[in-house]
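Right, I'll just put the structure down here and ask away after.
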Protein chains: 2
Amino acid sequence: MSSFKVTILGSGAAVPFKGRHLTSHLVNAGKEFFLVDCGEGTQFQIIRYGIKYHKISRIFISHLHGDHFYGLFGLLSTMHLNHRAKELHIHGPRGLDEVITTCFRNSTTVLSYPTFFHETAPDKVETIYDSELIEVNSFPLKHSINCTGFVFREKKKKRKIVPEKLPLNLPYEYYEDLKNGRDVNFAEQTVLSSDCTLPPEKSKSYAFCSDTRFDLETANYCKEVNLIYHEATFLHKHLDRAEATFHTTAKEAGIIAKEARAKQLIIGHYSARYGDLDGLLEEAKAVFPNTLLAIEGKTYSVG
Amino acid sequence: MSSFKVTILGSGAAVPFKGRHLTSHLVNAGKEFFLVDCGEGTQFQIIRYGIKYHKISRIFISHLHGDHFYGLFGLLSTMHLNHRAKELHIHGPRGLDEVITTCFRNSTTVLSYPTFFHETAPDKVETIYDSELIEVNSFPLKHSINCTGFVFREKKKKRKIVPEKLPLNLPYEYYEDLKNGRDVNFAEQTVLSSDCTLPPEKSKSYAFCSDTRFDLETANYCKEVNLIYHEATFLHKHLDRAEATFHTTAKEAGIIAKEARAKQLIIGHYSARYGDLDGLLEEAKAVFPNTLLAIEGKTYSVG
């Protein structure tokens, strides 16, 4: 896969404040573009950062709190007004379909493109998308309403051909077997895959965990991912607020990343009470040093 | 009334483009604050311009196209998350109630404040709000979906007391009669209202007309208003687009203002195809010289 990266479109929690927008991540894995959550104003952020929204093929919605999906109505409408024809798949909790279709029925909007709703399971791990390049799993989070996280894992990559090690005139149709580790017979000889290919690059993975109360089970669902985004709505000194609202503190987000043996952590979903984010970053870094802040408009490489 | 003014929060049509936001006007009439339409991102604009949204007592929605109401979900939620207790009245077409309640039911949102939906009539003029200070009428517009405009008219004002013309020691309770033009008896004398008051200021009025195809009937509904906002989505050279999409050209908006004998016209709801708005302004001014462009963040005095 040529690229695997995540662009943060919104980093704030609950209400727009201090210039922050509401949760939405663009995940680009090779030729595939996904949107994860879609708070109000996401289409404005997509335009601001020059993202081509017609490329988005799937939208994953974690849960039905407004700051994670109220931008969906407008984004779907704008795609329609711009004559999108390509089908769009929307994965989200039960009820999302009803909300969207009730809204569009009353707006007399008949979308220009086919839309498919896929209901996520609130209580188990499920493979919800599986392509040549990538597999997406949903998993349960522990919020005040049904909520799932998502893990995007590159498929096992193929071995890399070393051209100078290939027998002269080997036809192209043999390459695929060799890249898949299979030996081939050519000109009455056995060509060993291991002789003329290099081991594949390690597959990379990205986990999205928002919104959730701290739950070590989350680490199990995200084992050894390259990049984990975990909400860190509060400082640990406001643990009582985190517990009351089913959110996580920055320290706890660090613990999840450490337990998952992730390579890198991004924290976000900042409470409007914090103007300065350094405290949140320092707190997470004390537990998990390779932590970054979610900054709107910034793109993070996975792996 | 101490003030009567309109603040433009969004000036663009259909899709957010060229930095423009979607339709929403804040109308401030004395102590009363109203929102007219609420496109996606309205709550961001409210915060940007330092507007105290808890003061808004009524929201008027012209029609159920997304660019005029998709911001309502987020604004109502934010009022809730900020613990609003004061009741909120929402006036809009049939279906708005269903859309909002379906959305909040699925979000498990139970608003912290009482909300009252009032269905607007798509086919007649109706008084939909009537207070001590102001009367609001809805009237039919000619769009591709049920749509109403709104006229805000100050109530007839009271005469102004001229203190030095009052009899000595006249008790305060007589003032109200005098201000209302009624003579009073005091100390065995008749005190004439006309002797000790000045005529009242003329009542002012603001009309909101969006979205609509050009329709001279609109001018009848807005007769002699001080300020009329009329959509002018297209230049007249794109009349075919205006006709096809049930919108109005800038020239036609000027004609409506002229026919209504309005004092001033604001045009807006600009198509995304126009970067430069001078052409729209010049076209309207050629018919109705006292025309202004709707500029986001700008406040316009009524009268």
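Below, chains carry the letters A, B, ... as their sequence lines are ordered, and counting in each starts from 1.
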As an exercise, state the distance from CZ of Phe69(A) to CG of Asn106(B), rounded to the nearest 0.5 Å.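 Reported value, rounded in 0.5 Å steps: 7.0 Å.
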Enumerate by number any residue of residues 39-52 of chain B whose heavy atoms lie under 4.5 Å from heavy atoms of chain A; in the absence of such residues, state 'none'.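 Listed by number: Glu40(B), Gly41(B), Thr42(B), Gln43(B), Phe44(B), Ile47(B).
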By ring pair (Phe, Tyr, Trp, His ring centres under 6.0 Å) - contacts of Phe208(A) (at least two apart):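 Residues passing ring pair (Phe, Tyr, Trp, His ring centres under 6.0 Å) with Phe208(A): His25(A), Tyr229(A).
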Query raised in the report: Are there residues of residues 83-104 of chain A that reach to under 4.5 Å of chain B by heavy atoms, and which ones?
Result: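 Residues Arg94(A), Gly95(A), Glu98(A), Val99(A), Thr102(A), Cys103(A), Phe104(A) are the ones that qualify, each having a heavy atom under 4.5 Å from chain B.
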Just to verify, what does Thr108(B) make a side chain to side chain donor-acceptor pair (under 3.5 Å) with, not counting sequence neighbours?
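Counting only residues at least two positions away or on another chain, Thr108(B) forms no side chain to side chain donor-acceptor pair (under 3.5 Å).
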message = Tell me the closest heavy-atom pair linking Ile145(B) and Ser107(A), and the distance in Å.
response =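 Result for this residue pair: CD1-O, 3.6 Å.
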Check your understanding: Which of parallel (below 30°), tilted (30 to 60°) and perpendicular (above 60°) describes Phe73(A) and Phe73(B)?
Key ->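 Rings of Phe73(A) and Phe73(B): parallel, under 30°.
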Check: Looking at Gly66(B), Gly74(B), Gly19(B), which one has more heavy-atom pairs under 4.5 Å with chain A than the rest?
Finding: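 With the most close heavy-atom pairs to chain A, the winner is Gly74(B).
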